[in-house]
Amino acid sequence: MDTLERSIKGRHSTRKFLSTPVPRSLVNEALALAQHAPSNSNIQPWRIVFASGAARDRLKEALLDVAKQETPRIPPLPESFRHYRSQLGLQVYGVGMGIAHDDKQSKDAAVLRNFEFFGAPLVGVICMHRDLGPPDALSVGMYVQTLLLALTERGLDTCVEVSVTGYPDVLRRELNIEPELLMLSGLAIGYADPAFPANELRIQRDPVEKSVTFFDD
Ligand SMILES: Cc1cc2nc3c(=O)[nH]c(=O)nc-3n(C[C@H](O)[C@H](O)[C@H](O)COP(=O)(O)O)c2cc1C
């Protein structure tokens, strides 16, 4: 396998990190590579605000405080797509974490760990200007995947996390995120805890034919 294929297949979501610090030099290398991502009119609309150390601790505490009191305001999934989330939940919480389907307390505690960024030592919020639209969000996605692959290639593990954007006021206040930036997702970066079985999950994909159509004649 070449390194690109290894990174594509090796990247997966990590939901428990070690406290081992992330070398900033590796992150800087990955960010420099991701900057090569294509974008609509070369706007390069991606913005990321990172926090580590005490800044990460403050953010985590503030998110946990609010998450214990209020449901996050995340755009709801349309009904016809919700079975994907149920299937994923069975994998992550059931198979990966050994939580029984009717054990609401353990499930709630596991969900709450989203707001600790799963213990990742480096966390980020991915943003773009709020006046931009779907082609620009696509550009940000291309950037983020490039970044994830570059991090994977450098031995780092990640989890993209929309959940944290459910508390936009907390993110904005703690990370001083400018009002004109729309917050698209969180990002956790670190080294996976090898003793956590859910980190070994490899989530299945639909067959290619479900996503792609060719017209040849
Ligand atoms: C935009 C986006 C938002 C996501 N939000 C969350 C999240 O809030 N919490 C979480 O545990 N995983 C989150 N994920 C991870 C997905 O569940 C994961 O990518 C998907 O199930 C495929 O698994 P894999 O990343 O291990 O290949 C998110 C992924 C993306 C791309």
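When a ligand or atom number is given, it counts from 1 through the structure's own listing order.
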Completion exercise
Leu88 heavy atoms within 4.0 Å reach ligand 1 at atoms 17 (O), 21 (O)

Problem - Residue portion contacting ligand 1 (non-hydrogen atoms closer than 4.0 Å) for Ile203 - result: side chain

Problem - Distance under 6.0 Å and angle within 45° of ring axis: Lys16 vs Phe118 - result: no

Fill in the blank from the handout: Counting heavy atoms under 4.0 Å, the part of Val160 that contacts ligand 1 is both

Exercise for the section: Under 4.0 Å, heavy atoms only, figure out whether ligand 1 is touched by the backbone of Tyr84, its side chain, both or neither. Expected result: neither

Practice task
Give a yes or no on whether the backbone of Phe81 and the side-chain of Arg85 come within a donor-acceptor separation of less than 3.5 Å.
Solution key: no

Practice task
State whether Tyr84 and Arg205 meet the cation-pi test: NZ (Lys) or CZ (Arg) under 6.0 Å from the six-membered ring centroid, and within 45° of the perpendicular axis.
Solution key: no

Handout entry: Any Arg205 heavy atom less than 4.0 Å to ligand 1
Key = yes

Fill in the blank from the handout: Ranked by distance from atom 8 (O) of ligand 1, the top protein heavy atom is Ser163 OG, 2.8 Å

Practice task
Can you pull out the closest protein heavy atom to atom 25 (O) of ligand 1? Residue, atom name and distance to 0.1 Å, please.
Solution key: Ser13 OG, 2.7 Å

Problem - N/O donor-acceptor pair under 3.5 Å between Gln105 side chain and Asp103 backbone - result: no

Problem - Heavy-atom side-chain proximity of Phe17 to Asp193 below 4.5 angstrom - result: no

Exercise for the section: Using a strict 4.0 Å cut-off to heavy atoms of Cys159, name the atoms of ligand 1 that fall inside it. Expected result: 12 (N)

Handout entry: Salt bridge Arg58-Glu61, side-chain N to carboxylate O under 4.0 Å
Key = no

Practice task
Please could you name the atoms of ligand 1 that His12 approaches to less than 4.0 Å, counting only its heavy atoms?
Solution key: 26 (O)

Practice task
Check Val164 against ligand 1 and report side chain, backbone, both or neither, counting heavy atoms closer than 4.0 Å.
Solution key: neither

Exercise for the section: Decide, yes or no, whether a salt bridge links Arg6 with Asp2 under the criterion of side-chain N to carboxylate O below 4.0 Å. Expected result: no

Practice task
Report yes or no: does Asn40 contribute a side-chain atom to a donor-acceptor pair with the main-chain N or O of Pro135 at less than 3.5 Å?
Solution key: no

Problem - atom 9 (N) of ligand 1: nearest protein contact (heavy atom, Å) - result: Asn114 OD1, 2.8 Å

Practice task
Please check if a non-hydrogen protein atom sits closer than 4.0 Å to atom 20 (C) of ligand 1.
Solution key: no

Handout entry: Nearest non-hydrogen protein atom, atom 5 (N) of ligand 1
Key = Val162 N, 2.9 Å

Handout entry: Arg202 near ligand 1 by a heavy-atom separation under 4.0 Å
Key = no

Exercise for the section: Would you mind checking which non-hydrogen protein atom is closest to atom 12 (N) of ligand 1, with the distance to 0.1 Å? Expected result: Arg15 NH2, 3.1 Å

Practice task
Indicate the ring-plane relationship of Phe115 and Tyr167, choosing parallel, tilted or perpendicular according to the 30° and 60° boundaries.
Solution key: perpendicular

Practice task
Measure the spacing between OG1 of Thr14 and CG of Leu201 and express it to the nearest 0.5 Å.
Solution key: 10.5 Å

